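Treat the numbers as computed from the prediction; the structure is a model and nothing was measured. Just so you know, ligand 1 is whichever comes first in the structure, and atom 1 is the first atom listed for that ligand.
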Amino acid sequence: MKPNVLMTAPMMPHIEAALDQAYVVQRLWQAENEDAFFEKHGASFVAVATGGHHRADGALMDRMPNLKIISSFGVGVDHIDLDAAAARNIIVGNTPDVLNDDVANLAIALVFATTRRLVEWDKYVRAGLWVRDGNPPLARGIHGKTVGILGLGRIGKDIARKLEVFGCNIVYSGRQAQEDQAYKFYPDLTVMAAASDILIAICPGGEATHHIVNAQVLDALGPEGTFINVSRGSVHDEVALVKALAGGQLGAAGLDVFADEPNVPEALLSMDNVVLQPHQGSATVETRKAMGDRVVDNLASYFAGNGAISPVT
Ligand code: 8YV
């Protein structure tokens, strides 16, 4: 008999097709009444396939008393209550590594977009200002600049390695120093920001990093400084960020993530020193395909008796 799987939200067609083939899949978003849905099917589910943003807390887990594994699309698991899962012996699988390259590339694209003012000068050409006013002011290069990486994990290391090629001096901050890393470690984020030209946030979301990039950190980064966030919108204090950009305490920002996606603070929309992306870090055909495959493979591996391929520990 095929195991019963709950899908919490629509997924990419190749994921849905693979899951439909191997399991009996119920689609939560098609349920007219969630209470009645879980009353009827809750006890049958042994697995959940979920998107990167659908909240999975203890209350949801309790509606599926036989749940053994949650397979989530994305590396970030701040939408899943990991303690609640552990307390119920539920394995959580995510999709690390396969997205490192593209997320790192977007971070670097935002570094260039902000420092070389790519979007601003694109608008300048289109508006006929090059013809009317001549060359725009000079932008800033990144060779020899210090880039502070907040969260030197798998993606952070990729960003560091790639930026070294451009001649950047890499430093980092995070939970702890990593002895095997040659980069300078700053236990204090504000001190690192003061020493950095560019600060890139690529740490996990969740309580431990909530608003860790606050007014003090942005102030330390300074009027010539650039803040890039490709992690979670919860990591920066968005009110403080808008204020720092508007007041000139911070030079520029490249943002892929926001506090209340897809809503972006109105004030940011009119700022020329800000480059905005709609949470695109992993959003390439190649990477999203690989992430989808991992969602499927985590489940297949579990049901073959080998546990998830990439369990979150
Ligand atoms: C995706 C992400 O946007 O992996 C993550 O944690 O933030 C992104 O890759 C998300 O998971 C897809 O909804």
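The number of heavy-atom neighbours closer than 6.0 Å to CZ of R175, taken from other residues, nucleotides and ligands shown, is 12 or below. Residue R140 qualifies as open at atom CZ: its count of foreign heavy atoms under 6.0 Å is 12 or below. The neighbour count for R116 CZ, taken as heavy atoms of other residues, nucleotides or ligands under 6.0 Å away, does not exceed 12. Crowding of K243 atom NZ: a count of heavy atoms from other residues, nucleotides or ligands under 6.0 Å not exceeding 12.
If you check the side chains of S72 and H79, you find a donor sitting under 3.5 Å from an acceptor.
Close approach of ligand 1 to L99 is summarised as follows: ligand atoms under 4.0 Å from at least one heavy atom of the residue are 4 (O), 9 (O). Distances below 4.0 Å separate heavy atoms of G76 from the following atoms of ligand 1: 4 (O), 5 (C), 6 (O). The ligand atoms of ligand 1 that sit less than 4.0 angstrom from a heavy atom of M291 are 9 (O). For ligand 1, the atoms closer than 4.0 angstrom to any heavy atom of G74 are 4 (O), 5 (C), 11 (O). Those atoms of ligand 1 with a heavy atom of R288 less than 4.0 angstrom away are 1 (C), 3 (O).
Residue contacts with ligand 1 for V103 are absent, since no atom lies close enough (heavy atoms, distance under 4.0 Å).
At least one heavy atom of R232 sits less than 4.0 Å from an atom of ligand 1.
In this structure, atom 11 (O) of ligand 1 lies nearest to the protein heavy atom F73 O, 3.2 Å. Among all non-hydrogen protein atoms, the one lying nearest atom 8 (C) of ligand 1 is S282 OG, 3.4 Å. Closest to atom 10 (C) of ligand 1 among all protein heavy atoms lies H53 NE2, 3.7 Å. Among protein heavy atoms, atom 4 (O) of ligand 1 sits closest to V75 N, 2.7 Å.
One finds no salt bridge joining R154 and D158 here, because no Lys/Arg side-chain nitrogen approaches an Asp/Glu carboxylate oxygen to under 4.0 Å.
For the salt bridge (Lys or Arg N to Asp or Glu O under 4.0 Å) with R88, the lone residue among D57, D81, D62 that qualifies is D62.
E261 places a side-chain N or O within donor-acceptor distance of the main-chain N or O of F258, the cut-off being under 3.5 Å.
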